[in-house]
Every structure is written in structure tokens, then in C-alpha cells.
Amino acid sequence: MIKIINVVGARPNFMKIAPIQRVMSTYENIETVLVHTGQHYDKRMSKLFFVDLQMPQPDIYLNVGSASHAEQTARVMVEFEKVIEREKPDLVVVVGDVNSTAACSLVAVKMGVKVAHVEAGLRSFDRDMPEEINRLVTDVISDYLFVTEQSGLDNLKREGIPGEKVHFVGHVMIDSLIHFAEKAKHSAIMEELKVLPQDYALVTLHRPSNVDGKESFTRLLDAFSEIEKNLKIIFPIHPRSRKMIEQFGLQEKVDNMKNLHLLKPLGYLDFMKLMHNAKLLLTDSGGIQEETTYLGVPCLTMRENTERPVTVEIGTNVIVGSDTELIIKEVRKIINGEAKKGEIPKLWDGKAAERIVAILVGTTP
Ligand code: UD1
């Protein structure tokens, strides 16, 4: 029997662990323990996803909540150490690049427990991004590195990670997208919002580099106020960005945009339905760059770089930064039917979790 702890902490982790947990449950020789650190704790940032993704309730909830980076990371480490002591797992699986990812891998490896990092090798080469630090730390101490795209293989090789640890398996987030595509079609969100396919732009925005400074946040809102003259904007807003709008006194600017609809954060299925039918996405998220590439929906990424270059090289993604004029220009192009056409990257076929679990079972003594 192999005992495996699967870790989730924040919203972008849930759709990545769900397929791994599902595949593991079909193996008689695997016992899983699902640990939720509680980095995200709002119902709409967490619980809703467990329901939508048909995930079992976490076996262990660490309840760490929000705090500074040091404090949040430290709280996860203190609590997760107790979990490892008690559960004595053979392996810990972490996904993505959030603080919980780095914290749990650090604890596990120091207690002599093997770590598998799913979504390894991605690099933005921008160390001002907290996620870049989490990615570097996690990759250097992991025993299994599961990679989603060619750039991940190249980066890990350049960093000297031994080739036998690295496995190109595709993307578990795309497994979820494929698995739940039919269910997402039945979401009633478009009727609720009274929108039609291709009738709107879908926006997500929460990176500290965009929303934690008044100037950058204002530049983006300026772009939205131009865009909303021609295209409805649907904007499910992250709690961090909501807080900053209030803090910077930007509420009036937002209220003046009659064609911009601010919503609470949405569940997985509703968001998938809206994304699939959008004219375009405007986002600073990591995962959405990939989901739009898979779906063939145009995506403008409001960042200076991406750690997921395959979405630009062969997908539908265009990097636009926070440059008001460039954003407006690229949106016009899409409205005029000149959107970039993309292809689906290699191995994004819905079977990544199967490959990962087969490798783990085949190599764990
Ligand atoms: C985290 C991840 C980021 C990911 C994002 C997805 C890190 C370093 N960052 O950023 O990579 O893209 O999640 O959402 O791990 N808050 C709530 N309720 C919640 C969670 C957060 O109100 O359930 C508010 C709190 O005020 C908190 C702020 O959002 O201070 C930021 O939360 P935090 O988990 O620190 O980082 P995110 O910005 O969500």
C-alpha cells in the first residue's frame, strides 16, 4: 500500500488535484489523504470548487487563512509538519505555484518524505512574482517533476535538475476542463447574466503587480472604460482586487462603466461556460492563458511576461502588459475578426493524471 498526501491551498489548485485524486481512487494499492491548507477560505474561493469538481471533502483542514507571505508560509509549515508526523506518508503531491505549494514541499522533503510537483519547470524569469519564487524553491527540492510544456523541460535541464526526475505528462488542469466540459454546458450562468455567446469580454484581475498599485490599476480601468463602449465586460472580481478598488478610491470610476458587470468570484462550471462563450478573455491569471488556448478563445494577458510560453507560441494568447493603448488595440483586432488562431499543445489530452499516477505507482518502492 502506498500512502499519498495530496495538497490543495488556493483556488487554482483545486482543478489540478481533482483528476489526480480521482485516478488515485481507482488504484487499490493507493491510500490518499487530501489536505487543504485553508490559504483560500471564502466559500466562493474554495468550497464551491469542491462541489463543482465533485471532490471529496478534505480529510484534513489546516485553516491558515490570509497573512503576509512569511506568516502564511510559516503557518502552513508548522501545521503541515504535524500532519506528516501523524500520517507518515510515502509521498506528498503538490501542484502549481502558490505559497502552500512551496511550504508543504519544504516540510515534506526535510522530513525525508518524497515530493511530486505537478506543473513543474514553468519560469517567468521575473523574481518580483511571488509565484516564481515558489516555483524555483519547489522544483529544486522535488523528487518527481511533472511538466506541462516543452519550456518546462528546457528550464529544468538548464537548471541542472537530473533528467530521470523529470516527466513530460501534459496538463492536469486540462484533464479537468475536458472531464467537466459537458457539465459546464448545462450551467445557467449566461441566462442569469442575460448574455449571448460572443457578446462579451470576460475579465479576471488579481496579481499584486496590477492591483496593488493605484497607477497600474487605473491604467487597466482606463482600458476597460474604452472597451466597454463596444463590448460588454463581465468581471468576477477577486477579493484582493475588490479591497484595492475601495482602498484607492476607484469605486466611482468602476460605477461609471455601465457596460461593466462586477460579479462575486464564480464557481468552476459557471466560469468555464462563460470562458468558452466569450469573445475574448482579459486576464492576469496563469491557468486561464492555458484554458483559453485549449478552447481556442482569444486571450489578452495583462502581464509583462508569461511562464507558459506555449500559449503564445502556438496558442491564442497575446501578452499586452498594463499598456492602456495596446490593450485597446488588441481588443479592436479581435472585434474586427483578426484574432490569433491557435493549436492545442502536445499531450493536453485529458490523460495527464493517468500518466502521473502510473509513474508514481511504477516507481514507488
Ligand atoms: C493566490 C496565489 C496566486 C493565485 C491566486 C488565485 C500565492 C503567493 N498567490 O494569490 O498565485 O493566482 O491565489 O486566486 O500563493 N482573500 C479573501 N478570501 C480568500 C482568499 C483571499 O478575502 O478566500 C483576500 C485576503 O484579503 C488576502 C488576499 O485576498 O489577504 C490575498 O490572498 P492570498 O492567498 O494571500 O493571495 P492571492 O492574491 O489570492
Side-chain angles (χ1 to χ4, degrees), residues 7-17 36-53 58 61-77 79-80 94-106 117-120 122-124 126-139 173 176 203-213 216-217 235-248 262-268 271 275 281-291 299 301-303 305-308:
V7 175
V8 289
R11 185 169 60 177
N13 295 159
F14 305 130
M15 64 296 277
K16 294 172 192 165
I17 280 291
H36 186 341
T37 66
Q39 177 175 344
H40 283 173
Y41 44 88
D42 281 359
K43 185 172 169 227
R44 292 179 158 272
M45 299 293 284
S46 175
K47 195 160 176 233
L48 211 48
F49 283 78
F50 279 79
V51 176
D52 277 3
L53 295 161
Y61 187 70
L62 303 182
N63 198 22
V64 300
S66 300
S68 70
H69 280 269
E71 198 175 334
Q72 187 176 60
T73 308
R75 277 191 209 158
V76 174
M77 289 181 73
E79 294 308 317
F80 194 61
V94 296
V95 294
D97 54 16
V98 302
N99 285 345
S100 303
T101 310
C104 291
S105 34
L106 207 47
H117 184 208
V118 174
E119 207 185 54
L122 299 179
R123 297 288 180 268
S124 64
D126 173 4
R127 293 198 181 185
D128 290 334
M129 245 183 124
E131 294 81 1
E132 182 77 351
I133 309 296
N134 292 337
R135 289 189 281 260
L136 285 160
V137 168
T138 307
D139 283 345
M173 188 187 63
S176 276
V203 171
T204 80
L205 185 63
H206 72 283
R207 292 241 165 249
S209 57
N210 280 330
V211 303
D212 285 5
S216 52
F217 207 158
F235 183 5
I237 189 165
H238 187 286
R240 174 196 281 279
S241 313
R242 163 89 64 190
K243 209 165 66 184
M244 298 324 274
I245 287 182
E246 281 164 30
Q247 202 167 309
F248 294 144
L262 276 195
L263 311 177
K264 291 183 185 151
L266 293 170
Y268 184 74
F271 192 80
M275 180 155 63
L281 266 284
L282 262 165
T283 188
D284 61 3
S285 145
I288 290 172
Q289 299 172 50
E290 300 174 321
E291 287 165 333
C299 179
T301 296
M302 299 178 287
R303 287 175 43 189
N305 49 52
T306 180
E307 62 285 340
R308 302 158 206 271

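Each ligand, and each atom within it, is numbered from 1 in the order the structure gives. Only this structure's heavy atoms are used, side chains among them; waters, hydrogens and symmetry mates stay out.
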* Among all protein heavy atoms, pick the one closest to atom 39 (O) of ligand 1 and tell me residue, atom and distance. => His40 NE2, 2.7 Å
* Thr301: what forms a side chain to side chain donor-acceptor pair (under 3.5 Å) with it, not counting sequence neighbours? -> Asn317
* Is there at least one pair of N or O atoms, one from Asn134 and one from ligand 1, spaced under 3.5 Å apart? -> no
* Structure fact -> A student checking ligand 1 against Met45 at a 4.0 Å heavy-atom cut-off should list atoms 14 (O), 23 (O)
* To do: Go through ligand 1 atom by atom and flag the ones less than 4.0 Å from a non-hydrogen atom of His238.
  => 14 (O), 29 (O), 37 (P), 38 (O), 39 (O)
* Got a salt bridge between Asp52 and Arg11, using NZ or NE/NH1/NH2 to carboxylate O under 4.0 Å? -> no
* Asked: Asn134 side chain to Asp97 main-chain N or O, any donor-acceptor pair under 3.5 Å?
  -> yes
* **Where at least one partner belongs to residues 66-77, residue pairs that pass salt bridge (Lys or Arg N to Asp or Glu O under 4.0 Å), sequence neighbours excluded** => Glu71-Arg75
* Asked: Considering only protein heavy atoms, which is closest to atom 25 (C) of ligand 1, and at what distance to one decimal place?
  -> Ser66 OG, 3.3 Å
* Asked: Which residue holds the protein heavy atom closest to atom 28 (C) of ligand 1, what is that atom called, and what is the gap in Å?
  -> Arg240 CB, 4.2 Å
* Below 4.0 angstrom from a heavy atom of Pro239, which ligand 1 atoms are there? Numbered from 1 as shown, please. => 16 (N), 17 (C), 18 (N), 22 (O), 24 (C)
* Identify, by atom number and element, the atoms of ligand 1 in contact range of Asn99, meaning under 4.0 Å from any of its heavy atoms. => 7 (C), 8 (C), 15 (O)
* Structure fact -> re atom 11 (O) of ligand 1, the protein heavy-atom contact at minimum distance is Glu131 OE2, 2.5 Å
* Using a strict 4.0 Å threshold on nitrogen-to-oxygen distance, state whether Arg123 and Asp139 make a salt bridge. => yes
* Starting from atom 17 (C) of ligand 1, which protein heavy atom do you reach first, and at what distance in Å? -> Tyr41 OH, 3.2 Å
* Out of curiosity, Met77 CE to Ser100 OG, how far, rounded to the nearest 0.5 Å? -> 12.0 Å
* From the candidates Arg207, Arg242, His206, Arg11, the one that places a heavy atom nearest atom 5 (C) of ligand 1 -> His206
* Please work out whether any backbone atom (N, CA, C, O) or any side-chain heavy atom from C-beta onward of Pro12 is under 4.0 Å from ligand 1, and answer side chain, backbone, both or neither. => side chain
* Check each atom of ligand 1 against the heavy atoms of Lys243 and keep those under 4.0 Å away; list them by number with element. => 26 (O), 30 (O)
* **Sub-4.5 Å side-chain heavy-atom contact between Ser176 and Leu53** => yes
* To do: Name the closest protein heavy atom to atom 2 (C) of ligand 1, giving the residue it belongs to and the distance to 0.1 Å.
  => Val98 CG1, 3.7 Å
* Asked: Centroid-to-centroid, Phe49 to His40, below 6.0 Å?
  -> no
* To do: Answer with yes or no after comparing the ring centroid distance for His36 and Phe14 against a 6.0 Å cut-off, counting only values under it.
  => yes
* To do: Look at the side chain of Ser124 and the backbone N and O of Asn305, then say whether any donor-acceptor pair between them is shorter than 3.5 Å.
  => no
* Asked: With atoms numbered from 1 as shown, which atoms in ligand 1 lie under 4.0 angstrom from a non-hydrogen atom of Gln72?
  -> 34 (O), 35 (O)
* Asked: Which atoms from ligand 1 have a heavy atom of His69 less than 4.0 Å away?
  -> 8 (C)
